[in-house]
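Quick note on labels: first sequence line is chain A, next is B, and so on, each numbered from 1. Heavy-atom basis, side chains included; hydrogens, waters and symmetry copies ignored.
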Protein chains: 2
Amino acid sequence: MTVELPKGRAPSIRDVARLAGVSHQTVSRVLNDHPSIRDTTRARVLQVMEELQYRPNRAARALSKGRSRTIGVLSASSAQYGPASSIAAIQNAARDAGYYVNTANLASSDRESIEAALDHLMRQSVEGIVVIAPQVRVFDALEELSIDVPYVTLQSTGRLNDHALSVDQIAGARLATRHLIDLGHRSIYHLAGPQDWIEAEARMRGFLDEMGAMDVPTTAPILGDWTADFGYHAGRELLRVRDFTAVFSSNDQMALGLIHAVREAGLDVPRDVSIVGFDDIPEAAHFWPPLTTVRQDFAELGRRCIALLLSNLGGDSAGYPGTIMPELIVRGSTAPPSF
Amino acid sequence: MTVELPKGRAPSIRDVARLAGVSHQTVSRVLNDHPSIRDTTRARVLQVMEELQYRPNRAARALSKGRSRTIGVLSASSAQYGPASSIAAIQNAARDAGYYVNTANLASSDRESIEAALDHLMRQSVEGIVVIAPQVRVFDALEELSIDVPYVTLQSTGRLNDHALSVDQIAGARLATRHLIDLGHRSIYHLAGPQDWIEAEARMRGFLDEMGAMDVPTTAPILGDWTADFGYHAGRELLRVRDFTAVFSSNDQMALGLIHAVREAGLDVPRDVSIVGFDDIPEAAHFWPPLTTVRQDFAELGRRCIALLLSNLGGDSAGYPGTIMPELIVRGSTAPPSF
DNA sequence: CTCACAGTTGTGACCGTGCACATGCGAGCA
DNA sequence: TGCTCGCATGTGCACGGTCACAACTGTGAG
């Protein structure tokens with residue numbers, strides 16, 4: 001019963017055409033939903049496709065159309081919750097729009113690694129690039145290497161307004177800081193992220209802005225690396241002096257390490273030290289105490305990001321989806337200072 | 001100075017050939033490191049490539065060679081730490097081997113979603129598939145849809161030995177269980193993962209095996225969903241009876257929720273309840289108390305996985321990298337029961 | 001009856017690369 | 001000198017789609 005016309009190769013439109021008694025072009029038209037095809041013809045072609053288990057060859061289509069329908073994602077630390085959530089959302093949104101997604105990971109943040117990753121993406125003739133690697137250097141590289149495809153980033157840089165789409169990190173940081181000040185804290189440290197991360201810089205600026213606006217004296221932020229380990233060690237260092245009543249940590253993981261250090265020193269959160277995080281990872285609600293933090297909608301960010309990139313690809317640069325506002329989630333890790 | 005020969009199109013090997021005064025085939029040979037090319041010729045071609053900023057067209061190459069050099073990853077819950085770490089490692093290993101990686105996320109675990117994801121991958125003519133979506137159903141689908149490319153999974157199923165490569169989940173679970181038994185616990189609950197996850201099943205079996213081997217009476221495991229939220233609510237339920245002294249949780253997140261519930265009930269970990277997790281996520285060392293857990297090397301898993309898949313692609317099915325043994329990390333969340 | 005026209009289908013070239021085969025050339029050998 | 005042989009390079013086609021254009025059909029208006 002089964003039709004076994006072609007040799008060892010996968011069936012092509014010409015095989016389908018022969019068996020359906022039409023030209024290869026008619027088969028192509030069926031594939032592309034061309035309007036003027038007789039219903040009976042279309043049905044016959046579709047049936048043969050089914051019998052042959054025909055699958056269109058993407059490479060051939062990309063070659064003849066000059067479009068790869070592929071989007072590249074340049075990502076650092078894609079194992080972390082935030083980026084990983086956004087990437088998943090990006091992949092789903094792109095798939096729904098008929099695009100394929102190809103991810104390149106940054107091995108490290110040096111120039112060589114960035115160029116290698118970009119090269120890897122360009123070799124696949126991606127039509128657009130989403131940058132989730134928020135190091136400043138990546139954007140320098142993007143500009144210098146004269147990448148000629150549109151790109152979009154999830155981080156607001158201040159200088160890349162054409163491409164940027166982001167959660168308003170500054171506003172989020174201000175919310176967190178304001179919360180601590182409103183509770184009565186006046187000696188507040190900021191545990192920041194790595195210096196070359198745009199998000200880290202934005203959160204730091206938000207912190208400093210709010211402290212300045214509220215006339216609270218500020219000390220220099222501590223530059224961390226996002227890990228719980230770092231938060232723990234930084235906390236131990238800070239507690240040797242203990243001249244503060246609150247810390248705003250630039251992400252939830254470092255906040256967790258910080259809590260660990262505080263408790264290990266025989267102190268209590270929030271009685272002795274109030275702590276605010278950033279991100280609202282799913283575990284934050286179950287820290288002890290449950291963490292007060294700033295929630296970002298990573299998935300929504302990924303979706304809008306693809307929307308923006310696709311609108312760029314479509315030629316119309318209008319329809320900026322704008323900035324997403326983060327939200328302060330107050331839980332048990334903050335309280336008024338106890339003098 | 002700049003050579004601007006071609007019109008609006010990207011330069012092709014023929015453009016390079018014309019400017020270098022050779023045939024397109026010679027350019028192709030330079031690209032593919034053909035041995036018999038005069039050094040002077042090679043140098044001239046390379047220089048023209050540089051001037052033209054020539055990039056080989058992947059679609060054309062894939063079309064003519066019949067190989068896409070692309071590997072597909074089928075993944076569920078790619079935002080979680082374990083899978084995300086493995087995916088990142090897979091991408092890096094594949095890139096080093098000259099392959100591209102394309103990830104399809106499972107929207108849900110129903111049949112339709114699985115087929116859609118597989119279809120998405122097959123449409124790109126991937127040469128192999130890595131399955132990180134550990135639902136049993138996915139493998140049924142793989143077999144039924146007569147996927148004709150090799151595939152590999154990170155989870156041991158017991159029935160897919162040809163394709164499987166995994167951390168020995170059963171051994172890991174036995175380590176954890178044995179640790180609790182050795183400490184003197186006799187009333188031990190198991191908080192398992194979702195029923196259709198192969199890993200969850202393996203860990204559950206490891207738990208039951210060890211309990212049986214040590215002659216400790218067992219109660220039915222509780223089926224969870226991997227989230228800290230679930231661990232928390234399950235913990236609240238369990239504590240209404242409080243007929244246990246230890247819990248082996250199938251992952252670290254649920255363990256965290258569990259600790260939260262225990263502490264909220266006014267009890268202490270490990271004094272009143274000992275808890276063991278699984279995975280050793282980077283945060284586990286900073287839980288309060290620091291979590292005793294079973295470490296899996298996700299990155300190594302990803303790397304070996306690509307090695308296995310590539311050896312399948314190469315035709316030789318030898319060289320199985322074998323199973324990775326997990327490691328028990330003892331921290332502060334376990335102690336002898338206090339009667 | 002003839003012509004214009006829309007709907008439907010077919011023909012051949014082309015996209016950029018790699019392969020099979022052919023060709024030119026110089027060296028080694030009888 | 002003539003022949004074989006290996007290196008270096010060129011020629012033409014195939015890969016599987018899409019595009020531009022041509023051709024055929026039937027219908028309604030002039």
Begin with the C-alpha distance, continue with both residues' side-chain angles, and end with the deciding distance and a verdict on side chain to side chain contact (heavy atoms under 4.5 Å, CB included) for B/I87 and B/V101.
CA-CA 10 Å; B/I87 291 176; B/V101 176; over 6 Å; no
Determine whether the side chains of B/R137 and B/S113 contain a donor N or O and an acceptor N or O closer than 3.5 Å.
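No, no side-chain donor-acceptor contact under 3.5 Å.
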Apply the test side chain to side chain contact (heavy atoms under 4.5 Å, CB included) to residues A/I90 and A/I132: give CA-CA distance (whole Å), side-chain angles for both, the deciding distance (0.1 Å), then the verdict.
CA-CA 11 Å; A/I90 283 171; A/I132 313 196; 3.8 Å; yes
Within the side chain of [X], is there an N or O that forms a donor-acceptor pair under 3.5 Å with the backbone of [Y]?
X: A/S68; Y: A/S125; answer: yes
X: A/N32; Y: A/S28; answer: yes
X: A/S75; Y: A/V73; answer: no

Write out a two-atom table: protein N or O, nucleotide N or O from nucleotides 19-21 of chain D, distance below 3.5 Å.
residue: D/dC19; atom: N4; partner: A/Q25; partner atom: OE1; Å: 2.7

Take atom [atom1] of [X] and atom [atom2] of [N], then tell me their distance rounded to the nearest Å.
X: B/D15; N: C/dG16; atom1: CG; atom2: P; result: 8 Å
X: B/R18; N: D/dG10; atom1: CZ; atom2: P; result: 14 Å
X: A/L63; N: C/dG18; atom1: CG; atom2: P; result: 12 Å
X: A/R69; N: C/dC15; atom1: CZ; atom2: P; result: 22 Å
X: A/L31; N: D/dG17; atom1: CG; atom2: P; result: 7 Å
X: A/H34; N: C/dG10; atom1: NE2; atom2: P; result: 13 Å
X: B/R67; N: D/dA14; atom1: CZ; atom2: P; result: 23 Å

Indicate, with a heavy-atom threshold strictly under 4.0 Å, whether [X] touches base, sugar-phosphate, or nothing.
X: B/V22; answer: sugar-phosphate
X: A/I37; answer: sugar-phosphate
X: A/S36; answer: base
X: A/R55; answer: sugar-phosphate

Ignoring hydrogens and angles, does a donor from either the side chain of A/R58 or the base of D/dG17 sit under 3.5 Å from an acceptor on the other?
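Between D/dG17 and A/R58, which were checked side chain against base, a qualifying N/O pair under 3.5 Å is absent.
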Would you state whether a donor and an acceptor, one from the side chain of B/R38 and one from the base of D/dT9, lie under 3.5 Å apart?
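Checked by distance alone, the answer is no.
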Is the closest side-chain heavy-atom distance between A/Y54 and A/L31 below 4.5 Å?
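Answer yes - side chains close enough.
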For DNA chain D, whose closest nucleotide is more 5', that of B/S23 or that of A/R61?
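On the 5' side of the pair lies B/S23.
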5'-most contact on DNA chain C: A/R14 or A/T26, nearest heavy atom basis?
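Its nearest nucleotide being more 5', the pick is A/T26.
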